[in-house]
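The next block holds one structure in the form of C-alpha cells; read it before the comments.
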Amino acid sequence: MPIAFDNSYARLPGRFYAKLNPDPAPRPGLIRLNHALALKIGLDVDWLASADGIAMLSGAAVAEGSEPLAMAYAGHQFGGWSHQLGDGRAHLLGEVMGPDGIRRDIQLKGSGRTPFSRMGDGKSALGPVLREYLISEFMAAAGVPTTRALAATLTGVRVQRETSQPGAVLVRVAESHVRVGTFQYFHAREDADGVRTLADYVIDRHDPDIRQVEGRYRILLDTIVERQAQLVAQWMGLGFIHGVMNTDNMQIAGETIDYGPCAFMDAFHPGAVFSSIDHGGRYAWSNQPGIAAWNLSRLAETFLPLLHEDADKAVKIARDSVGRFSHVFNAALNDLYRRKFGIAEDPQFVQATFRAMTDCGVDYTLLFSGLTRIALGGDDALVVDLFHDADRGKNWLAAWREKHDREKAHTMITVNPIFIPRNHRVDHALKSANDGNYKAFEELLEVLANPYDAREQFEKYEAPPKPEEIVHQTFCGT
Ligand code: AMP
Ligand code: MG
C-alpha cells in the first residue's frame with residue numbers, strides 16, 4: 001500500500017458524510033508537488049510523483065486504502081443561515097499519521113460534484129487552485145497555522161467561469177476539516193448525539209489528553225476559542241484579510257482555511273476589504289476579531305447541552321468561554337505589535353501609528369520591514385519615504401525611536417516579513433499560468449517560501465504595486 005491511510009472520519013456514523021469517488025480526470029497532469037510537505041507528513045515522494053501517484057492526486061484513480069467522502073456541514077454565510085452546505089467540490093481521500101504523530105487529512109478540492117454541490121459544478125479552475133497553493137504555503141512559511149498544499153494537478157477537463165479555464169485540483173492537507181459549521185449541521189437538526197459524537201471525535205483527534213477529564217467539553221470550547229484568538233492576531237499582524245469568514249470556513253483545529261477571495265493589504269487601511277461579494281465590508285481587516293468572536297458564539301450555542309444539564313448554567317459557561325476571546329486576542333495582538341515595532345507594549349502608540357499610516361498611505365509590510373532595517377543600521381529614508389507627507393514621516397520615526405529598544409532588533413526580523421503575496425504579483429502569476437506559463441508561479445512560490453530572508457535577486461517582489469498594477473477586487477473563483 002503506497003499510502004498508509006487510516007480513515008477515522010469514515011468510521012463515524014453515515015450521516016456525517018456521503019461516501020463517493022472523485023470524478024475521474026481524463027488527462028491528469030502534475031503542476032507542482034510539495035516535496036517538503038510530503039516528507040514532513042511521511043508520504044513517499046517518488047510514488048506521489050509516479051503515474052499512479054498523479055492519478056490519485058488528480059482524482060483519476062482511488063488509491064488503495066483511500067475511502068473518499070464529502071463531509072456534511074452547514075453554516076452562516078455573511079451572517080445568513082444555510083441549513084446545508086457540505087463539501088460540494090471536495091473529496092476527503094483519507095487520513096495519514098505523520099512521523100510527528102499528527103494525523104492529517106488529505107483532501108482533493110475541485111474533484112467533482114457531490115450530494116452537497118447544489119447548483120455548483122464541483123470543479124475548480126486553475127487560478128484559484130494556484131492562489132490557494134501560493135498563499136497557504138506562504139502562511140506556513142510565515143509561521144501561521146494553516147491548511148497546506150500537497151500538490152496542484154490538472155484534470156484535463158476545462159471549466160466554465162467567466163471564460164473557459166483549465167480544470168485543476170488542489171490537494172489540501174489539514175489537521176482536520178471539522179469546521180464550526182460541522183457542529184452547526186447537527187445542532188440545527190436537533191441531533192444531540194451527532195454534536196456529542198463530533199465533540200468526542202475532535203477531543204480524540206486534537207486534545208486526547210482531556211478525554212477522561214470532567215468538564216472536558218468546556219475545556220474543548222476554551223481551547224478552540226484560544227486557538228482562533230491566536231490565529232486572528234497573526235492574520236492582523238500580516239495585514240491578511242481572509243475575506244470569507246463564514247462559520248463553515250472556520251476550522252476547529254485553528255488552521256487558516258479557505259483561501260477564496262483573501263488578500264493582503266498594501267497601503268494600510270483598517271477598513272481594507274477586497275472580496276467582490278463583501279459589499280458591506282463585513283469581513284474587513286479590522287472587523288476580523290469581532291467576526292471570529294461572533295462565529296465562536298455560534299459554535300458555543302451548539303455546545304450548550306454538553307456544558308451543563310442546567311440550561312442557565314450552560315449559557316453562563318458558554319458566555320465566559322467565548323468572552324475569553326477578546327482577552328486572549330488583545331494580549332496576543334499587543335504582544336505581536338510589541339515585537340513588530342521593537343518597543344515595550346504600547347497600544348496607544350500602535351493606534352496613533354495606524355492613524356498616521358492611514359492618512360499618509362503607508363505600505364503596511366514595508367513599514368515594518370523598513371523599521372527592522374533601520375533598527376539594524378539602515379537609512380531613515382526606508383520609512384520616511386513611505387509617508388506621503390515627509391514631515392509626518394520624520395516626526396513619526398522620531399517618536400518611534402524614543403520608544404525603540406535596540407536589544408529588540410533581532411526579534412523584529414522574525415515577525416516582520418520582507419515578502420508577502422502581494423495581490424498584483426499573485427494576479428500576474430495566475431494569469432501567466434492560465435496561458436500555460438508557470439514560471440512566475442514557481443518564482444513567487446520560491447520567494448514566499450522564505451518570507452523573512454532578503455534576497456537581492458528578488459528585490460522587486462518587495463515593492464508595492466504601481467498605481468496601474470493595484471488589484472482592487474478579489475473573487476471566490478467558484
Ligand atoms: P466556499 O465559498 O468555498 O467556502 O464554499 C461554500 C460552499 O459552496 C461549500 O459548500 C462549497 O462546497 C460550495 N461550492 C463552492 N464552489 C463550488 C462549486 N464550484 N461546485 C459545487 N459546490 C461549490
Ligand atoms: Mg469553504
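Start at 1 and go down the list; that is how both ligands and their atoms are numbered. We count residues from 1, following the sequence as given.
Geometrically, Arg189 engages Tyr185 in a cation-pi contact, judged by NZ or CZ lying under 6.0 Å from the ring centre and within 45° of the ring axis. A cation-pi arrangement is absent between Arg282 and Phe78 under the rule of less than 6.0 angstrom and at most 45 degrees off the ring axis.
The contact set between ligand 1 and Gln77, taken as ligand atoms under 4.0 Å from a residue heavy atom, comprises 6 (C). Against a heavy-atom cut-off of under 4.0 Å, Asn249 is close to the following atoms of ligand 1: 4 (O). Counting the atoms of ligand 1 from 1 in the order shown, those under 4.0 Å from a heavy atom of Gly122 are 18 (C), 19 (N), 20 (N), 21 (C). Using a 4.0 Å cut-off to heavy atoms of Arg161, the atoms of ligand 1 that qualify are 19 (N).
Residue Ile224 holds its CD1 atom at 12.0 Å from CD1 of Ile219, rounded to the nearest 0.5 Å.
Of the listed residues (Ala125, Gly88, Ser82), the one carrying the non-hydrogen atom nearest atom 21 (C) of ligand 1 is Gly88.
Note on Glu301 versus Arg298: salt bridge recorded, some NZ/NE/NH1/NH2 to OD/OE distance being below 4.0 Å. Classification of Arg196 and Asp200 as a salt-bridged pair fails, no side-chain N sitting under 4.0 Å from a carboxylate O. A salt bridge links Arg172 to Glu132: at least one charged side-chain nitrogen sits closer than 4.0 Å to a carboxylate oxygen. Salt-bridge annotation for Arg227 and Asp207: present, with a side-chain N of the basic residue lying under 4.0 Å from a carboxylate O of the acidic one. A salt bridge links Arg422 and Asp266; the closest N-O separation between the charged side-chain nitrogens and carboxylate oxygens is under 4.0 Å. One finds no salt bridge joining Arg425 and Glu469 here, because no Lys/Arg side-chain nitrogen approaches an Asp/Glu carboxylate oxygen to under 4.0 Å. Glu95 and Arg104 are not joined by a salt bridge, as no carboxylate oxygen comes within less than 4.0 angstrom of a charged side-chain nitrogen. Remark: Asp222 engages Arg218 in a salt bridge, criterion side-chain N to carboxylate O under 4.0 Å. Using a cutoff of 4.0 Å between basic side-chain nitrogens and carboxylate oxygens, Arg11 and Asp6 are scored as salt-bridged.
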* Starting from the C-alpha separation in whole Å, work towards a yes-or-no answer on ring-ring contact (aromatic ring centres under 6.0 Å, His included) for His76 and Trp294. => CA-CA 10 Å; His76 280 92; Trp294 189 87; 5.2 Å; yes
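By the criterion of a heavy-atom distance under 4.0 Å, the side chain of Tyr73, and not its backbone, is placed next to ligand 1. In Asn246, neither the side chain nor the backbone holds a heavy atom less than 4.0 Å from any atom of ligand 1. Under 4.0 Å from ligand 1, not a single heavy atom of Lys109 appears. Contacts between Asp258 and ligand 1 below 4.0 angstrom, taking non-hydrogen atoms only, involve the side chain exclusively.
The shortest N or O to N or O distance between Leu85 and ligand 1 is not below 3.5 Å. Every N/O-N/O distance between Asp87 and ligand 1 stays at or above 3.5 Å. At under 3.5 Å, a nitrogen or oxygen of Gly86, whether backbone or side chain, sits near a nitrogen or oxygen of ligand 1.
Heavy-atom separations between Arg179 and ligand 1 are all 4.0 Å or longer. Residue-ligand proximity: Arg113 is placed with every non-hydrogen atom at 4.0 Å or more from ligand 1. Residue Arg118 places a heavy atom under 4.0 Å from ligand 1.
With a cut-off of 2.8 Å, the protein N/O/S atoms near the Mg ion (ligand 2) add up to 2.
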